[in-house]
Peer 1: 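After the structure tokens below, expect a handful of questions from me.
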Number of protein chains: 2
Amino acid sequence: MELDERKKLILGAIIESYIETAEPVGSRTIAKKHDLNVSPATIRNEMSDLEEMGLLEQPHTSAGRIPSHLGYRMYVDRLMKRYELTANEITRMCSLMELKIAELDTLIKEIANIYSRITNYTVIGTMPEVSKASIKHFQVMPIDDKTLMLIIVTNTNIVRDTKISIGRPIDLHTAARISSVLNERLSGLSCGDIDMEKITLLQAELTDNEDLIQPILHFIYECVEATENSEVFTGGISNLLSFPEYNNIQRAKELIGFLDDKSNLHRAMAVREHEHVRIVIGSENRAIELKDCSIVVSSYNIDGKVVGTIGLIGPTRMNYSKAVSNLEFLANQLNRLTSKPGNKQE
Amino acid sequence: MELDERKKLILGAIIESYIETAEPVGSRTIAKKHDLNVSPATIRNEMSDLEEMGLLEQPHTSAGRIPSHLGYRMYVDRLMKRYELTANEITRMCSLMELKIAELDTLIKEIANIYSRITNYTVIGTMPEVSKASIKHFQVMPIDDKTLMLIIVTNTNIVRDTKISIGRPIDLHTAARISSVLNERLSGLSCGDIDMEKITLLQAELTDNEDLIQPILHFIYECVEATENSEVFTGGISNLLSFPEYNNIQRAKELIGFLDDKSNLHRAMAVREHEHVRIVIGSENRAIELKDCSIVVSSYNIDGKVVGTIGLIGPTRMNYSKAVSNLEFLANQLNRLTSKPGNKQE
DNA sequence: GTTAGCACTCGATGGATTAGAGTGCTAACA
DNA sequence: TGTTAGCACTCTAATCCATCGAGTGCTAAC
């Protein structure tokens with residue numbers, strides 16, 4: 001079945017109404033609120049189609065419709081209009097940034113806290129402690145003429161690998177030599193310990209393979225930051241209890257319990273490299289405990305490098321449009337703020 | 001009215017029954033469970049007396065009795081028997097300690113988390129970041145012949161004062177000189193910055209008043225640790241939602257919202273100098289949001305010096321006996337553990 | 001393709017009744 | 001004088017039941 005213009009309009013209207021009221025949406029409501037110039041009966045037919053397409057659901061026969069996770073996905077990907085922050089909101093967000101806190105970690109936590117109060121959602125953030133995590137072991141090996149595999153074991157015993165494209169074949173022997181140089185020079189070090197001196201040393205020892213150094217260093221940073229050493233924090237957990245979705249204590253308890261465990265948060269907050277704002281809806285979450293939640297998360301930079309993430313968590317019935325706008329704005333401001341000199345970066 | 005032996009027995013029985021079941025306790029229940037060899041009617045008379053004494057309360061006329069805050073206070077102060085940890089519990093607590101974590105702060109947080117799972121209460125802990133807080137300004141002045149007042153302003157603009165007993169009178173002029181020496185040598189420094197060298201310098205400049213240096217340094221430590229720079233953390237907040245007391249979402253939200261704010265936690269967790277285990281019951285809490293909660297909190301040491309606190313929070317109907325035993329054990333173990341060399345202390 | 005009309009479904013609401021736990025009081029008892 | 005049995009009374013929680021109303025799906029007419 002085709003998703004024509006009118007269906008889109010109706011779907012959008014239903015989702016927005018549901019986001020606002022948390023009540024199943026009936027045909028009459030839509031007919032009245034939006035002047036589509038069609039009768040409730042027509043809308044009922046369309047709604048029936050939308051349900052068949054898996055975009056809507058019916059809690060029980062005589063209730064209205066609510067969006068399915070697929071419906072939300074369609075909405076955020078194709079229907080949602082960008083929410084324009086009001087002048088008032090921009091002012092509030094900006095004043096957030098004027099906290100005069102010297103330490104970056106305190107600053108981010110403080111911002112997260114206040115931000116949760118502004119948005120009335122729960123805020124989750126991660127903050128890598130770059131200086132702590134380190135690499136225990138390196139292993140380099142050739143895969144084919146154009147690809148090299150780099151395996152890294154971190155001090156927390158997490159194993160990660162990546163493929164590096166190379167312009168020329170590298171034989172087993174050379175790969176072994178590179179491995180041993182890396183292990184000798186870099187193992188046990190954290191990102192903070194890798195300075196120009198170390199890099200120059202590497203360059204001297206790997207003169208024939210100097211072009212590999214950049215991608216290797218890049219991957220090291222990536223690994224170390226992805227480990228569980230990075231700190232996670234939350235703010236405004238009690239906001240969750242305002243949503244009628246969590247009037248059921250049992251559900252609330254499960255979710256809050258889940259959020260209590262930092263390693264869970266880490267997994268939930270993963271943002272792919274260079275991804276802008278990521279939206280994970282309901283059952284798209286890997287964790288089953290989050291199957292009725294959505295997460296909107298963005299990364300933020302220090303000196304142009306992604307070092308942490310900050311995001312909102314709420315019921316699937318989340319004001320995505322507003323959440324995305326807010327978060328983009330916040331991340332931008334953070335980027336601007338932290339790229340100034342005088343912060344804690346190594 | 002006198003609190004005779006039987007009344008004590010009945011009060012204890014009611015409190016322990018209520019702690020277990022969270023249901024108002026009736027006269028029949030007590031008569032049956034404990035063989036006091038008296039009829040329910042007699043117990044009713046006694047309960048009526050206990051209510052008159054303010055130790056019990058009645059939610060409504062035809063319900064049983066529940067302990068009042070005063071009742072709990074009486075219980076923990078005079079009636080409560082020490083809970084003996086079972087071998088199993090001791091094993092679990094000990095294995096908690098075997099986490100091989102180098103950084104003290106991570107260790108404490110991790111222990112707090114697991115501990116909350118063991119006890120099924122919410123754990124709150126504080127951890128001073130001694131290295132961050134500092135003193136902005138000193139002011140010394142004589143009060144009378146035998147007392148000197150020391151006022152300190154921290155970098156967070158908190159003002160605190162103390163009186164120091166001295167064996168001889170000190171005049172205004174001398175006091176001013178001491179003030180200016182302190183400001184010159186110590187202001188802007190944090191505890192971590194005050195080393196032997198600085199102290200020697202002070203001793204040289206205050207030769208006539210060398211005996212003041214120790215108490216002054218002591219108070220500096222006390223102030224800096226009491227400021228909001230010390231870190232607070234919580235674990236197992238979701239445990240609160242298991243208590244029937246928090247079946248009311250509104251109440252749960254208020255409490256969890258309160259716990260979300262770190263500065264609230266600081267105030268709630270204050271332990272007086274050298275106090276062992278402190279129990280704060282219901283309305284004894286200064287914060288109105290905690291009027292239905294109790295807090296059991298203990299301090300812990302590093303190298304014999306109190307540096308942080310760890311405690312449990314739950315409804316006033318808390319198993320005080322067990323909470324105290326658990327906490328004492330934990331604090332003892334922590335003290336033992338951290339007094340070994342090799343931790344992060346400055 | 002759209003719409004009006006209508007029967008039907010199903011949860012929510014509110015009132016009435018009932019069951020049960022517990023009290024307080026009185027009078028009898030040791 | 002303290003203790004106890006008995007009984008009337010109170011209050012909450014649970015249950016039942018009728019009703020309401022929002023909303024659907026289907027049919028037939030436009």
Side-chain angles (χ1 to χ4, degrees), chain A residues 1-11 13-15 17-18 20-53 55-68 71 244-245 247-249, chain B residues 1-11 13-15 17-18 20-68 71 244-245 247-248:
Chain A
M1 206 179 306
E2 197 45 52
L3 193 71
D4 60 33
E5 209 48 42
R6 193 170 67 185
K7 281 193 172 56
K8 281 187 197 170
L9 228 66
I10 291 175
L11 179 59
I14 290 173
I15 292 182
S17 168
Y18 186 66
E20 198 182 331
T21 64
E23 297 290 334
V25 186
S27 51
R28 260 177 73 85
T29 318
I30 300 298
K32 260 193 231 162
K33 216 185 301 187
H34 301 255
D35 32 30
L36 297 168
N37 289 324
V38 288
S39 77
T42 310
I43 293 182
R44 276 207 287 283
N45 289 332
E46 297 283 37
M47 281 164 91
S48 183
D49 289 349
L50 288 168
E51 185 172 356
E52 209 176 307
M53 294 162 78
L55 300 171
L56 292 181
E57 283 170 358
Q58 220 173 356
H60 56 88
T61 41
S62 72
R65 303 296 208 294
I66 62 174
S68 70
E245 279 82 347
N247 275 356
N248 178 332
I249 294 271
Chain B
M1 208 179 305
E2 197 44 51
L3 193 71
D4 60 33
E5 209 49 45
R6 193 170 69 184
K7 280 194 172 57
K8 279 188 197 170
L9 227 67
I10 291 175
L11 178 59
I14 291 174
I15 291 182
S17 168
Y18 186 67
E20 199 180 332
T21 65
E23 297 290 334
V25 186
S27 52
R28 260 180 71 85
T29 319
I30 300 298
K32 261 194 231 162
K33 217 185 299 185
H34 301 257
D35 33 31
L36 298 169
N37 290 323
V38 288
S39 76
T42 309
I43 295 184
R44 275 207 286 286
N45 289 333
E46 297 284 35
M47 281 164 90
S48 183
D49 289 350
L50 288 168
E51 186 173 351
E52 209 175 309
M53 293 162 78
L55 300 170
L56 293 181
E57 281 170 1
Q58 220 172 355
H60 54 87
T61 40
S62 72
R65 302 299 208 293
I66 61 174
S68 69
E245 277 84 345
N247 276 356
N248 179 332

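Quick note on labels: first sequence line is chain A, next is B, and so on, each numbered from 1. Quick caveat, the model's predicted, so the values are computed rather than measured.
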Peer 1: Taking the side chain of B:Thr29 as heavy atoms from C-beta outward, which of C:dT9, C:dG22, C:dG11 is closest to it?
Peer 2: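 Per side-chain heavy atoms of B:Thr29, the pick is C:dG22.
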
Peer 1: Round to the nearest Å and state the distance from B:Ile66 atom CD1 to D:dT12 atom P.
Peer 2: 14 Å

Peer 1: For residues 54-62 of chain B, tabulate all N or O donor-acceptor pairs below 3.5 Å that involve a side-chain atom, not counting sequence neighbours.
Peer 2:
| unit_1 | atom_1 | unit_2 | atom_2 | d |
| --- | --- | --- | --- | --- |
| B:Gln58 | NE2 | B:Thr61 | O | 2.9 |
| B:Gln58 | NE2 | B:Ala63 | O | 3.4 |

Peer 1: If you assign each of B:Val38 and B:His60 to its closest nucleotide in DNA chain D, which residue comes earlier from the 5' end?
Peer 2: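 Looking at DNA chain D, the more 5' nearest nucleotide goes with B:Val38.
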
Peer 1: Tell me: CG of B:Asn45 to P of D:dT4, nearest whole Å?
Peer 2: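 For the pair B:Asn45 CG and D:dT4 P, the rounded distance is 10 Å.
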
Peer 1: What is the distance, to the nearest angstrom, from the OH atom on B:Tyr18 to the P atom on C:dG22?
Peer 2: 14 Å

Peer 1: Counting only distance, no hydrogens or angles, is the base of C:dT9 paired donor-acceptor with the side chain of A:Ser62 under 3.5 Å?
Peer 2: yes

Peer 1: Is there a side-chain contact between A:Ser27 and the phosphate of D:dG23, meaning an N or O under 4.0 Å from OP1 or OP2?
Peer 2: no

Peer 1: Respond yes when some side-chain nitrogen or oxygen of B:Ser39 is under 4.0 Å from OP1 or OP2 of D:dT4, and no when none is.
Peer 2: yes

Peer 1: Expressed in angstrom and rounded to an integer, what is the separation of A:Met47 atom CE from D:dA22 atom C1'?
Peer 2: 12 Å

Peer 1: Under 4.0 Å: is that the gap between some side-chain N or O of B:Thr42 and OP1 or OP2 of D:dT4?
Peer 2: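 Checking D:dT4 against B:Thr42, a side-chain N or O does come within under 4.0 Å of OP1 or OP2.
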
Peer 1: Give the rounded distance in Å between these two atoms: CD of B:Gln58 and C1' of C:dG24.
Peer 2: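 Rounded to the whole Å, the gap is 10 Å.
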
Peer 1: May I ask which nucleotide in the shown strands pairs with D:dT27, Watson-Crick or G-U wobble, both distances under 3.5 Å?
Peer 2: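 Per the H-bond distance test, C:dA4.
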
Peer 1: Please determine whether side chain to side chain contact (heavy atoms under 4.5 Å, CB included) holds for the pair A:Thr29 and A:Glu23, giving the CA-CA distance in whole Å, both sets of side-chain angles, and the decisive distance to 0.1 Å.
Peer 2: CA-CA 11 Å; A:Thr29 318; A:Glu23 297 290 334; over 6 Å; no

Peer 1: What integer distance in Å separates B:Ile30:CD1 from C:dG22:P?
Peer 2: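 From B:Ile30 CD1 to C:dG22 P: 10 Å.
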
Peer 1: For B:Glu23 and C:dG22, give me the distance from atom CD to atom P, rounded to whole Å.
Peer 2: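 Roughly 9 Å, once rounded to whole Å.
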
Peer 1: Could you tell me whether the side chain of A:Arg65 reaches within less than 4.5 Å of the side chain of A:Ser48, counting heavy atoms only?
Peer 2: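 Answer yes - side chains close enough.
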
Peer 1: Counting just side-chain N and O atoms, does A:Arg44 come under 4.0 Å of either OP1 or OP2 of C:dT2?
Peer 2: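 So the side-chain polar atoms of A:Arg44 never come under 4.0 Å of the phosphate oxygens OP1 or OP2 of C:dT2.
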
Peer 1: Would a 4.5 Å heavy-atom cut-off, applied to side chains only, mark B:His34 and B:Leu9 as touching?
Peer 2: no

Peer 1: With distance as the sole test, does B:Thr21 use its side chain to make a donor-acceptor pair with the main-chain N or O of B:Ser17 at under 3.5 Å?
Peer 2: yes

Peer 1: Taking 4.0 Å as the cut-off, does a side-chain nitrogen or oxygen of B:Arg28 come that near to OP1 or OP2 on C:dG20?
Peer 2: no

Peer 1: May I ask you to verify if any side-chain N or O of A:Arg65 is less than 4.0 angstrom from the OP1 or OP2 atom of D:dG25?
Peer 2: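 For D:dG25, OP1/OP2 do have a side-chain N/O of A:Arg65 under 4.0 Å.
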
Peer 1: Nearest whole angstrom, please: distance from the P of C:dC25 to the CG of B:Asp49.
Peer 2: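 Computing the B:Asp49:CG to C:dC25:P distance gives 12 Å.
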
